[in-house]
Amino acid sequence: MRNFIIFFIGKEGTSPLMKLLDNFDRVSVLHHEGGGALEPFDRHECGPISIRNLKKCLDIVLSGQEIDFARLNRIYTKTSLKPLEETNRNCSVGFKMRFKPPGNRIAETLGFDSWNNWASKAFRKSRNRSFRRMMLEVLQKNNPVVFVAFRQDLLRWSLSKYHGDGSCRPGHMQFDLASGKISREDIGKIHVDCDRLEKIFAQSEMMLARKNRLMEEFRSKGIDAFPLFYEDFLEDKYQYFNRFFEILGIEISKQEIEAALETGAYYKKVHSRDISEFVINYQEVMDRFGSSKRL
């Protein structure tokens with residue numbers, strides 16, 4: 001039984017995945033006291049933590065030993081407003097995070113708001129290198145299982161980012177839909193600006209290439225890294241979780257998986273498989289992007 005990290009970018013189905021994983025007795029998802037904080041080591045949850053303190057936190061969590069939460073939270077709450085909740089013993093502990101450094105007080109103090117000047121760019125580049133070295137060191141030392149979240153269907157991934165909060169602005173709708181705050185009927189169709197979508201599509205291609213390079217780097221350094229495909233999650237959740245637990249070295253029964261799925265993830269899929277149901281000019285979109293390869 002090993003601890004794990006899921007690296008993601010966004011709109012790859014990792015939030016419902018983490019909520020479903022938290023339904024299993026032999027997995028504990030690391031989060032703030034009182035719930036939430038699915039990305040406890042991302043800036044919006046942990047605050048402007050230093051790379052040094054982030055390393056200390058990750059070493060404590062991923063060491064494979066019983067987690068010393070008193071020590072962990074002494075470090076973590078130097079920047080986070082909420083402490084991390086203690087996890088169950090004798091289980092696999094995991095969390096998700098973006099593979100990039102959280103914000104830093106130095107940058108804020110120096111007024112690097114827009115990252116437009118030479119000094120701010122040099123600072124960010126140096127910090128990114130320091131973060132990368134630190135993460136690789138932590139992963140090699142503690143030997144967790146590393147998962148990298150992928151979406152193979154670039155068009156659907158790009159449309160999901162384009163749609164955002166339902167009004168073509170950044171945001172998420174899954175949990176509002178699941179909680180009943182909105183219904184599917186409240187989600188209107190959108191007209192897609194294909195030129196704008198093309199830019200998002202190009203960004204998605206670039207992100208996918210970066211993820212593949214990251215996977216190669218992990219494996220070249222002896223880090224156990226595995227892809228998690230969103231499309232597999234949608235197609236067959238039983239097989240998806242069976243493989244997930246097999247990689248962690250945990251024997252899991254079909255009944256346990258079914259029970260966790262029945263408990264739910266406080267999540268509903270926003271978009272149907274049929275693009276025409278939420279895109280007004282779907283034919284234009286398909287004519288322009290439909291032949292794009294599924295990678």
Quick one: closest heavy-atom pair of [X] and [Y], and the distance?
X      : Y      : answer
Ala260 : Asn23  : O-ND2, 3.0 Å
Arg2   : Pro144 : NH2-O, 3.4 Å
Asn242 : Ile257 : N-CD1, 3.9 Å
Phe69  : Leu84  : CD2-O, 4.0 Å
Pro102 : Gly47  : CB-O, 4.0 Å
Cys57  : Ile75  : SG-CG2, 3.7 Å

Examine [X] together with [Y] and report whether their ring centres are nearer than 6.0 Å.
X      : Y      : result
Phe99  : Phe8   : no
Phe226 : Phe244 : no
Phe229 : Tyr240 : no
Phe7   : Phe218 : yes

- Applying side-chain contact (heavy atoms from CB on, under 4.5 Å) to Glu33 and not counting sequence neighbours gives Pro83, Glu85
- Message: Give me each pair satisfying ring pair (Phe, Tyr, Trp, His ring centres under 6.0 Å) with a member in residues 43-67, each pair once, sequence neighbours excluded.
- Response: none
I'd like to know if the side chain of [X] and the backbone of [Y] have a donor-acceptor N/O pair within less than 3.5 Å.
X      : Y      : answer
Ser204 : Ile200 : yes
Asn142 : Val138 : yes
Arg26  : Ser92  : no
Glu231 : Asp153 : yes
Trp157 : Phe201 : no
Arg127 : Pro101 : no
Thr14  : Gly10  : no
Tyr76  : Pro40  : yes

- Task: Using the side-chain contact (heavy atoms from CB on, under 4.5 Å) rule, take Phe41 and Leu58 through it: C-alpha gap first, then chi angles, then the decisive distance, then the call.
- Result: CA-CA 9 Å; Phe41 298 112; Leu58 294 175; 3.9 Å; yes
- Answer yes or no: is there an ion pair linking Asp193 with Lys199, defined by an N-O contact shorter than 4.0 Å? no
- Query: Quick one: do Arg132 and Glu217 make a salt bridge, cutoff under 4.0 Å?
  - Reply: yes
Side-chain contact test, heavy atoms from C-beta onward, threshold under 4.5 Å: evaluate it for [X] versus [Y] and give yes or no.
X      : Y      : answer
Ser80  : His32  : yes
Val145 : Ile5   : no
Phe289 : Ser158 : no
Asn53  : Ser50  : yes
Arg210 : Glu205 : no
Phe245 : Leu21  : yes
Met215 : Phe150 : yes
Leu62  : Asn143 : no

- side-chain contact (heavy atoms from CB on, under 4.5 Å) between Ser15 and Leu38, intermediate numbers included: CA-CA 7 Å; Ser15 291; Leu38 292 173; 3.9 Å; yes
- Task: I would like to know whether Tyr230 and Gln152 meet side-chain contact (heavy atoms from CB on, under 4.5 Å); could you show each step before the answer?
- Result: CA-CA 8 Å; Tyr230 177 67; Gln152 296 168 291; over 6 Å; no
So, taking the atom named [atom1] in [X] and the one named [atom2] in [Y], what distance separates them when rounded to the nearest 0.5 Å?
X      : Y      : atom1 : atom2 : value
Ile223 : Leu139 : CD1   : CG    : 4.5 Å
Asp25  : Asn90  : CG    : CG    : 12.0 Å
Leu208 : Arg151 : CG    : CZ    : 12.0 Å
Arg243 : Phe241 : CZ    : CZ    : 12.5 Å
Met18  : Leu20  : CE    : CG    : 10.5 Å
Ile67  : Asn3   : CD1   : CG    : 6.0 Å

- Message: Same cluster or not: Ile280 versus Met286, using hydrophobic residues (I, L, V, M, F, W, Y) connected whenever any side-chain heavy atoms lie under 4.5 Å apart?
- Response: no
- Message: Check whether Phe233 forms a cation-pi arrangement with Lys237 (NZ or CZ under 6.0 Å from the six-membered ring centre, at most 45° off the ring normal).
- Response: yes
- Message: Is the positively charged end of Lys100 above the ring of Phe131, judged by distance under 6.0 angstrom from the centroid and angle within 45° of the axis?
- Response: no
- Kindly determine whether Val29 and Val93 satisfy side-chain contact (heavy atoms from CB on, under 4.5 Å), including the steps that lead there. CA-CA 6 Å; Val29 173; Val93 177; over 6 Å; no
- Message: Run the side-chain hydrogen bond (donor to acceptor under 3.5 Å, both in side chains) test against Asp42 and tell me which residues pass, sequence neighbours left out.
- Response: Arg98
- Message: Just to verify, what does Glu39 make a salt bridge (charged side-chain N to carboxylate O under 4.0 Å, His left out) with, not counting sequence neighbours?
- Response: Lys96
Does either side chain, that of [X] or that of [Y], offer a donor lying less than 3.5 Å from an acceptor on the other one?
X      : Y      : value
His191 : Tyr282 : no
Glu284 : Asn281 : yes
Asn212 : Glu216 : no

- Message: Over 60° means perpendicular and under 30° means parallel, so tell me whether Phe147 and Phe4 are parallel, tilted or perpendicular.
- Response: perpendicular
- Query: Around atom NZ of Lys56, are there more than 12 heavy atoms of other residues, nucleotides or ligands at under 6.0 Å?
  - Reply: yes
- Step through the shown structure and confirm whether more than 12 heavy atoms of other residues, nucleotides or ligands are within 6.0 Å of CD on Gln239. yes
Please tabulate, one pair per line, all N/O donor-acceptor pairs under 3.5 Å involving side-chain atoms of residues 248-255, not counting sequence neighbours.
| residue | atom | partner | partner atom | Å |
| --- | --- | --- | --- | --- |
| Ser253 | OG | Glu256 | N | 3.1 |
| Ser253 | OG | Glu256 | OE1 | 3.2 |

- Message: The test is salt bridge (Lys or Arg N to Asp or Glu O under 4.0 Å); show your working for Arg219 and Asp224 and say whether it passes.
- Response: CA-CA 6 Å; Arg219 289 172 171 173; Asp224 289 336; over 6 Å; no
- Which pairs, with at least one residue in residues 57-77 and sequence neighbours excluded, count as a salt bridge (charged side-chain N to carboxylate O under 4.0 Å, His left out)? Lys55-Asp59, Asp59-Lys141, Glu66-Arg89
